[in-house]
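Letters A, B, ... are given to chains in the order of the sequence lines, protein chains preceding strands, and every chain is numbered from 1. Just so it is clear, the values below take in all heavy atoms, side chains as well, and ignore hydrogens, waters and symmetry mates.
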Protein chains: 2
Amino acid sequence: MAKLAGVSIATASKALNNQPQVRAETRAKVIQAAEALSFSPNTLAQGLITQRSGTVGLLTSDLEGRFSIPILMGAEDAFGSDQTSVFLCDARGDNLRERHHLRALLSRRVDGLIVVGARPDARPSLGELPVPVIYAYSPSDNPADLSLVTDNVGGGRLAVDHLIRHGRRRIAHITGDPSYGAAQDRARGALDRLAQEGLPLAGDQVWFGAWSEAWGRGATRMLLQRDPGIDAIFAGSDEIARGVLDVLHQEKLAVPAQVAVIGFDNWNILAVNARPPLTTIDMNLEELGRLAAQRLFAAIDGTLGSGIETIGPRLITRESTAPLD
Amino acid sequence: MAKLAGVSIATASKALNNQPQVRAETRAKVIQAAEALSFSPNTLAQGLITQRSGTVGLLTSDLEGRFSIPILMGAEDAFGSDQTSVFLCDARGDNLRERHHLRALLSRRVDGLIVVGARPDARPSLGELPVPVIYAYSPSDNPADLSLVTDNVGGGRLAVDHLIRHGRRRIAHITGDPSYGAAQDRARGALDRLAQEGLPLAGDQVWFGAWSEAWGRGATRMLLQRDPGIDAIFAGSDEIARGVLDVLHQEKLAVPAQVAVIGFDNWNILAVNARPPLTTIDMNLEELGRLAAQRLFAAIDGTLGSGIETIGPRLITRESTAPLD
DNA sequence: TTGTATGCGTTATCAA
DNA sequence: TTGATAACGCATACAA
């Protein structure tokens, strides 16, 4: 014990926590002893007293960690790695497993909880809990909870705005599963911006389908048949955009010279590696994680807000879009 | 307090932990009270007594969580979500941040540590620690530590074996950064298997380069120029394989009819979406996580082994390979 | 079968 | 400026 090296257990505590009421000389002695024994204060015991564990739980259902990881990183940033540690739990879409994890987290006395759903649609609230909860990415279905989500309408608007600014006039939209709110919202944003410009949607309709490259390819083929004169395609995800690019190449249409392509998600592995690299919309998930952490932090002593708060998207410009000459 | 509903604090404890020395009737009463107050035992306090926190740390440097997440899931599986929770910490390749996280984890009294490096090459040992440590994916540079890694030599052998069994005789190999041990090992496994069959490597050399689609494309072009008669390409990663496929399509070579392609990693987003879907080698990272958890669990009361242990790879057959007629 | 008392490693309150 | 002591919430050995 560090106390073997001189002083009482109480003074040692004060010295280590730099309380003012301790002689500099004594403090030095204590610190030295602590180093020598590579003493590390027991956070569990501290937590017992302070009623604060210095941990938060991140409860996700997002298998691949595609959304959870950026959110985790943002949260880590905001908390500071020495202040708060994060329990990452994956429920894998299984309700029972979620209950299990929740029990474990509560009995570990986490100071707060961030819940990340599998898809950007409302998910069931966890109900009243003894700690503050923030729903990130997927909002809670209970308006009394606080949810932080990305602005899909704004993202759609931003994408089309970028194409318009590049002089594109015949813009089509291929997107994923229409049962996803995100698909609907992105389409709405796109249509809004087109309407504002007085432009029609090329291809006569929004091409809803699935979140896959295969659908991106299929839809592009149909679209080209229906309307060969398009000069830009807004894809609802980077996966879809990859499919779009594939068929455009097959049809010998130059990207971006003849047709510009913009994706959604900024999923690096897909966007950066694309031919050409993909201009896309980034949902700012790290920012979302950071904000969630801040809200949680504030809520721990204060009170948590409620409702749905929105994070703005960001345009990432690469080479798949360019001004039309 | 649950004790307000009848009995002493000690009996309540016994009842909840189903110790035999308590009347059934009393136990029922206690349990009922506990439910009513939605009582949840304070794991921190328990840990203080039992000297076991029921937590482990997963310390990673793998930004995108591409390797860490499957490992985490495997570990979660093996531990059981109600027994052990996992702290996930990302050091982001920063040594200082790693020290910070390490301190935090130790002061939280984790029962063990799993360390996942950024790349599958040896990484610096953390040295003597008061808890058992397992290095997963990236081995420790200290042979006294216990490391669990994937079998890249075996993976290379498996890939080529599959191609040979499908009647391919002119097999080329395009892979990533030669400074990666994994690139060297996969190549060695491939060459081994070819030699065993008495076959030469098509394309005259192993095409080392970068772990990117762009390199996959570039290398394929050069390869085809050098040796137009190849009937199979083993790509060192799924990313590279995507680039290979891209150029093969451009050159109007049918996959798999004329040229079979096999990847490495089984990175779903790339492999499943490929045209055609990619046959690939899965490194069994979840299995690795599961095993790491088991070893850690065993080490907590017993003693940890040392050296490097290897997990076998698995062939995932999709449509980019098929028997040659 | 139940209750009392002690201690786990800290911090906080008080007295010395 | 320091040290003794009582919590924190639980598990356990022991007394009742």
If you restrict it to nitrogen or oxygen atoms, what contacts under 3.5 Å exist between nucleotides 11-13 of chain C and the protein, and what is each distance?
unit_1	atom_1	unit_2	atom_2	d
C:dT11	OP1	A:Asn17	ND2	3.0
C:dT11	OP1	A:Gln46	OE1	3.0
C:dT11	OP2	A:Ser13	OG	2.5

Protein-nucleotide distance (B:Lys29, atom NZ; C:dT1, atom P), rounded to Å:
14 Å
Chi angles and distances behind the side-chain hydrogen bond (donor to acceptor under 3.5 Å, both in side chains) call for A:Asp282, A:Asn266
CA-CA 5 Å; A:Asp282 188 304; A:Asn266 193 25; 2.8 Å; yes
Quick one: is B:Thr11 getting a side-chain N or O under 4.0 Å of the C:dT2 phosphate, OP1 or OP2?
no
Side chain to side chain contact (heavy atoms under 4.5 Å, CB included) test vs B:Ser125 passes for just one of B:Ser140, B:Pro143, B:Pro139, namely B:Ser140
Are B:Arg119 and B:Tyr180 in a cation-pi contact, defined as NZ or CZ under 6.0 Å from the six-membered ring centre and within 45° of the axis?
yes
Between B:Leu48 and B:Arg27, who's closer to the 5' end of DNA chain C by nearest nucleotide?
B:Arg27
Using side chain to side chain contact (heavy atoms under 4.5 Å, CB included) as the criterion, point out the one residue from A:Ile311, A:Leu72, A:Ile71 that pairs with A:Leu285.
A:Ile71
Over all heavy atoms of both residues, which pair between A:Phe67 and A:Ala118 is shortest? Give the atoms and the distance, please.
CE1-O, 4.2 Å
From CG of A:Leu44 across to P of C:dC8 the rounded distance in Å is 15 Å
Sorted by chain and residue number, the ring-ring contact (aromatic ring centres under 6.0 Å, His included) partners of B:Trp267 (sequence neighbours excluded) come out as none
Using the side-chain heavy atoms of A:Asn42, tell me which of these nucleotides is nearest: D:dC10, C:dT10, C:dC8.
C:dT10
Output the single nucleotide from D:dG3, D:dT1, C:dG3 whose closest atom is nearest the side chain of A:Thr26.
D:dT1
Pairwise distance CG(A:Leu48) to CG(B:Asn42) - rounded to 0.5 angstrom
5.5 Å
Whole angstrom is fine here: how far is it from CD in A:Gln51 over to P in D:dC10?
10 Å
Please report how far the helix from C:dG3-D:dC14 to C:dA16-D:dT1 bends, comparing the axis fitted to its first five pairs with the axis fitted to its last five, to the nearest 10 degrees.
50°
Please work out if A:Ser40 contacts a base, only the sugar-phosphate, or nothing of the nucleic acid, heavy-atom cut-off 4.0 Å.
sugar-phosphate
Whole-Å distance between D:dT2 C1' and A:Asn18 CG?
17 Å
Heavy-atom pair with the smallest gap, counting every atom of B:Ala292 and B:Ile134
O-CD1, 3.4 Å
Should the pair A:Glu76-B:Arg97 be classified as a salt bridge under the 4.0 Å nitrogen-to-oxygen rule?
no
